[in-house]
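Below: the structure, in structure tokens.
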Amino acid sequence: MKYDFAAIEKKWQDRWEKEKPYACRTGDTSRPKFYGLIEFPYPSAAGLHVGHPRPFTAMDIVTRKKRMDGYNVLFPIGFDAFGLPTENYAIKNHIHPAIVTKQNIENFTRQLKMLGFGFDWDRVVDTTDPSYYKWTQWIFLQLYKKGLAYKATMPVNWCTSCKCVLANEEVVEGVCERCGAPVIRKEKSQWMLKITAYAQRLIDDLDDLDYIERVKIQQKNWIGRSTGAEVTFKATTGDDIVVYTTRPDTLFGATYMVLSPEHAFLKKWEPVLKNMDEIRAYQRAAASKSDLERTELNKEKTGVCLDGVSAINPVNGREIPIFISDYVLATYGTGAIMAVPAHDDRDWEFARKFGCEVIEVVKGGDVEKEAFTLKDDTGIMVNSGFLDGMTVRQAIPAITKWLEEKGIGHSQVNYKLRDWVFSRQRYWGEPIPMVWCEKCGWQPLPEDQLPLLLPEVESYEPTDDGESPLSKMTDWVNTTCPCCGGPARRETDTMPQWAGSSWYFLRYMDPHNDQELASKEALEYWSPVDWYNGGMEHTTLHLLYSRFWHKFLYDIGVVPTKEPYAKRTSHGMILGQNPRCFSNLSQEEQKKLVEEFGSEEAARAHLVELHGEMAEHPIVKMSKSLGNVVNPDDIVKAYGADTLRLYIMFIGDFEKAAAWSDNAVKGCKRFLDRVWNLASEKREGGDEYSSANEAAVHKAIKKVSEDIESMKFNTAIAALMSLVNDFYAKGASRGDVKALLLMLCPFAPHMCEELWEMNGYGGQVCQQSWPKYDASKTVSATMRMAVQISGKVRANIIVPAESTNDEIVAAALAEPKIARLAEGKTLVKSIVVPGKLISLILKPRV
RNA sequence: GCCGGUGUGGCGGAAUUGGCAGACGCACCGCACUCAAAAUGCGGCGGGCAACCGUGUCGGUUCGAGUCCGACCACCGGUACCA
């Protein structure tokens, strides 16, 4: 009988739909719980990308095995459906975003079901559903009530194409993360979330989490904690200028001061500043620079020296000039620095250009040539009054103490993390439930009025003036003040896409609750997520945001755990093969080109000339223009879902990027065909393993079990392939085949269910227990050991398993080839590694 | 610049953490089956006639190094005037 994957997969998907074998029950105390989570997809119009099945299949395999291990498994799915791509698609095609979203979710659902994932389909979550975003809005109100949501006017990142503000995390190399358009600074009044209040806890609590190390490092770097001191300098106007420095030890070397162009004192000092025109011109120039220009221009320092105001260095009373320069950021520290050109690269560069004095205060470098920035014990303080002779490490606490005693400074911690810009001037997002009243100011919408529904609008296109499309909906905008009952206006900005995804994993625990975001019972039972797998690109976005929200919900007593996710892993991207790269051509094509151009190098050079630099990269992102995009629908049609699942897991190291290969898919299909042919054969007998395969089966059980736990799916599959090869070579018993199906089931569930049923093993594979590993069954009576002489393998011997070291050495020396090599030599030393090898060191006999 | 990571056959990738490098798969070659092809099954497959040589390069530790230590090279990712 042929392996008819299309019919088999349809049959089992229909049965799963009806019988719901993957549904889970909240509150089951008879079994331990396991909550496996994947990042819910954004339902784009393009449908499922071939990259999606990689993390999905991985967690599907993990959770299927957990079920077989006896866990009550929650493995849910949902849709992160608000956001710009849908809105842009809707605008372009003149369809309402809600309709687009509905269609896209239907298509995604079809594709996800087609791949046979064991989701609990009764728990689907959709962030655009009012019964869901009611609670997103509710959380916002709680943040507002605790002072963690506030409206502030400040320079924000503005995407010139999306016509919308962006969070810091959404700006990548000066351009919009989503559309690639330049980002500029724009002064706007925005809702902000005070994530900075959680900066320290977001760092500290990482220690107890089982996250892969690079995620922890990346989050810590992004939060960017630094310790230093704030120091007050007196200005000649009498004002106190506070600077932040990580090097208070170098205070004696501060020869000038720099303010950010946006610094508030500039306005205050207008009457005394003699070069105000020059200053204004610089301010304007700095403001109009896009982030991209700022980074590109960062090599050459610019600035203006203030004419009319200077500052006094508090340690030595010296008067020093004040500059403004855009290398000092308004949004970090105090927006002002003391410049120590001898010991800071940027200050050194600036001083050289503007002719400022350079005073060495730490010995160890040549400050005429470059700044000496080392902060270790190699430098001794000089030219620094009472600090002279100390090391830098001694000087830092000494000067800090001195500053504190004088009341002009104190130690200070700073973070690079900024508060989260939380409003977007777009339509397709959660309305922010706030009302502006001339009399009462901003008022939160009473909770009983939630959800605040997103109104139907005629036009949801973004406006050039930076106002949300909702602002034109006067009927909706005009409302009454919840406080005084007078006329008031609603907030017309919406929430960013990251809002709905910041808590969705909680909703899965109790998705239909209309009283709370989830019941206490459900939260207690399922929290925390035991294993969360997702992309590295979310490390400083979704992952950080949702940790912040979760900590807040913990603080107000809504959730029972400090952290949302106990374990976080990450998958690599699926890339495509570059059809224009020499190494991806078939051997014949390569040969032809080499003949034509004389050498491989010349052939490669020709391809580069033809297609540009990228022809040198064998592996590239999938793109329509290269024609290397793989559609999961096509693969399922041609080979079946089980083959796609197996291949996407076999493709390589799960954590690393891997390139799609059509040929390699065929190899996985071939493997499933081999399993099918083997297992569909009628076999008599019981459940016991055959003596020929017993050891191999137990070794495979160990390998596959461990590899699934550690996400080494590729080697787990390799072990199963080896086992099948053994079965072909030695024949397989009914029990051998049964073990194979149990282990293969998480990877290829449709086929294994079908074969399980055909063989009449009873029940369904997914309901069986995972096979047990018995180490005693893998030991054999003899062992094969390599014999090395001076570290080189020279022969192999077979000895009884219980041989002593002396017996093993004797056996090694008796081996004909070894005996020949050892002739005329003395055995100096021997090392025996039981079961592996013997290393002999021989010396010529004198 | 700073912080991570990676470098192994024609290709994707293994290697129990210091113990027989190249598991498993792809591609390729041979054989069987077939009138033939495909499919399937079986076998071969790093280089070299060989001694030997081979895990980015150079050096070190060790009986033994892909794995450890030192110096470098290349590529990928994150971050970037954060004082």
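Here is the naming used below: chain letters follow the sequence lines, and residue numbers restart at 1 for every chain. Note that this is a predicted model, so its numbers are computed, not measured.
Considering only the side chain of A/Asp653, B/A14 comes nearest among B/A14, B/C20, B/G19. Between B/C3, B/A83, B/C26, one nucleotide has an atom nearer to the side chain of A/Asn663 than all others, and that is B/C26. When the nucleotides B/G25, B/C26, B/G13 are ranked by their closest atom to the side chain of A/Phe650, B/G25 comes out on top. When the nucleotides B/G19, B/C3, B/A83 are ranked by their closest atom to the side chain of A/Ile217, B/C3 comes out on top. Here B/A83 is the nucleotide among B/A83, B/G19, B/A23 with the atom lying nearest to any side-chain atom of A/Thr245. The side chain of A/Asn714 lies closest to B/G13, out of B/C20, B/C3, B/G13.
Annotation: side chain to side chain contact (heavy atoms under 4.5 Å, CB included) contacts of A/Asp344 (sequence neighbours excluded): A/Arg346, A/Asp347. Qualifying side chain to side chain contact (heavy atoms under 4.5 Å, CB included) partners for A/His571, counting only residues two or more places apart in sequence or in other chains: A/Pro55, A/Asn533, A/Phe654. Residues satisfying the side-chain hydrogen bond (donor to acceptor under 3.5 Å, both in side chains) criterion with A/Glu537, sequence neighbours excluded, are absent altogether. Applying the side chain to side chain contact (heavy atoms under 4.5 Å, CB included) test to A/Asp673 and every residue at least two apart in sequence or in another chain returns A/Tyr3, A/Lys669. Among residues two or more places apart in sequence or in another chain, the side chain to side chain contact (heavy atoms under 4.5 Å, CB included) test is passed with A/Asn725 by A/Arg674. Partners of A/Phe354 under the ring-ring contact (aromatic ring centres under 6.0 Å, His included) rule, at least two apart in sequence or in another chain, are A/Phe323, A/Phe350. In this view, A/Phe372 satisfies the ring-ring contact (aromatic ring centres under 6.0 Å, His included) rule with no residue, not counting sequence neighbours.
Here the C1' atom of nucleotide B/U16 and the OH atom of A/Tyr773 are 11 Å apart, to the nearest Å. What separates CD1 of A/Ile651 from C1' of B/C11 is a distance of 13 Å, to the nearest Å. Separating the CD1 atom of A/Ile212 from the P atom of B/G78 is a distance of 14 Å, rounded to the nearest angstrom. The nearest whole Å value for the distance from the NE2 atom in A/His263 to the C1' atom in B/A83 is 13 Å. The nearest whole Å value for the distance from the CH2 atom in A/Trp222 to the P atom in B/G77 is 17 Å. Look at CZ on A/Phe671: it is 11 Å from P on B/C26, rounded to the nearest Å. Atom CH2 of A/Trp348 is separated from atom P of B/C81 by 20 Å (rounded to the nearest Å). Taking atom NZ of residue A/Lys220 and atom P of nucleotide B/C2, one finds them 21 Å apart after rounding to whole Å.
Look at the P atom in both B/C20 and B/U67: the space between them is 14 Å, to the nearest Å. The gap from the C1' atom of B/A27 to that of B/U34 amounts to 24 Å, rounded to the nearest Å. A distance of about 13 Å separates the C1' atoms of B/C11 and B/G22, rounded to the whole Å. Rounded to whole Å, the separation between the C1' atoms of B/U57 and B/G44 comes to 34 Å. B/A71 and B/A21: their P atoms are spaced 29 Å apart (whole Å). Separating the P atom of B/G59 from that of B/G54 is a span of 11 Å, rounded to the nearest Å. Using P as the reference atom, B/G7 and B/U55 are 14 Å apart when rounded to the nearest Å. Rounded to whole Å, the separation between the C1' atoms of B/C73 and B/C26 comes to 31 Å.
Side-chain contact between A/Ile241 and A/Ile322: present, with at least one pair of heavy atoms (C-beta onward) separated by less than 4.5 Å. Taking 4.5 Å as the limit, every side-chain heavy atom of A/Trp676 sits out of range of all side-chain heavy atoms of A/Lys2.
Note on A/Lys712: only backbone sugar-phosphate atoms sit closer than 4.0 angstrom, heavy atoms only; bases stay farther off. Within 4.0 Å of A/Arg225, counting heavy atoms only, lies no atom of the nucleic acid at all. Note on A/Asp345: nothing from the nucleic acid sits closer than 4.0 angstrom, heavy atoms only. Within 4.0 Å of A/Leu837, counting heavy atoms only, lies at least one base atom of the nucleic acid.
The residues A/Asp249 and A/Arg247 are annotated as salt-bridged, a charged nitrogen and a carboxylate oxygen being separated by less than 4.0 angstrom. Under 4.0 Å is where a charged nitrogen must lie from a carboxylate oxygen, and between A/Lys353 and A/Glu349 no such pair does. A salt bridge links A/Lys220 with A/Asp207; the closest basic N to acidic carboxylate O contact falls under 4.0 Å.
With no hydrogens or angles considered, a side-chain donor-acceptor pair links A/Thr331 and A/Arg418 at under 3.5 Å.
Judged by distance alone, with hydrogens and angles left aside, A/Lys301 brings a side-chain donor or acceptor within reach of the base of B/C81, the pair sitting under 3.5 Å.
Contact annotation: A/Tyr332 side-chain N/O to B/A83 OP1/OP2 distance is under 4.0 Å. Taking only side-chain nitrogens and oxygens, A/Thr539 never comes nearer than 4.0 Å to OP1 or OP2 of B/G78.
Each of A/Ile838 and A/Gly652 lies near RNA chain B, and the nucleotide nearest A/Gly652 is the one positioned closer to the 5' end. For the pair A/Lys702 and A/Met721, nearest-nucleotide mapping onto RNA chain B gives the more 5' position to A/Lys702.
Syn is the classification of B/U17, since its glycosidic angle stays within 90° of 0. In this structure, B/G9 is classed as syn because its glycosidic torsion stays within 90° of zero.
Pairs of residues two or more places apart, or lying in two chains, never qualify as salt bridge (Lys or Arg N to Asp or Glu O under 4.0 Å) while including a residue from residues 710-729 of chain A. Applying the salt bridge (Lys or Arg N to Asp or Glu O under 4.0 Å) test to residues at least two apart or on different chains, the pairs with a partner in residues 649-664 of chain A are A/Arg214-A/Glu655, A/Asp653-A/Lys656.
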List every contact pair, protein side and nucleotides 41-46 of chain B side both N or O, where the distance is under 3.5 Å.
unit_1	atom_1	unit_2	atom_2	d
B/G41	OP1	A/Arg674	NH1	2.7

Distances under 3.5 Å between protein N/O atoms and the N/O atoms of nucleotides 62-69 of chain B, please, pair by pair.
unit_1	atom_1	unit_2	atom_2	d
B/C63	O2	A/Ser839	OG	2.6

Discussion item. Dot-bracket, 5' to 3', for RNA chain B please: Watson-Crick or G-U pairs under 3.5 Å, [ ] where pairs cross earlier ones, | where the partner sits on another strand, dots elsewhere.
Written reply: (((((((..(((......[....))).(((((.......))))).((....))..(((((..]....))))))))))))....
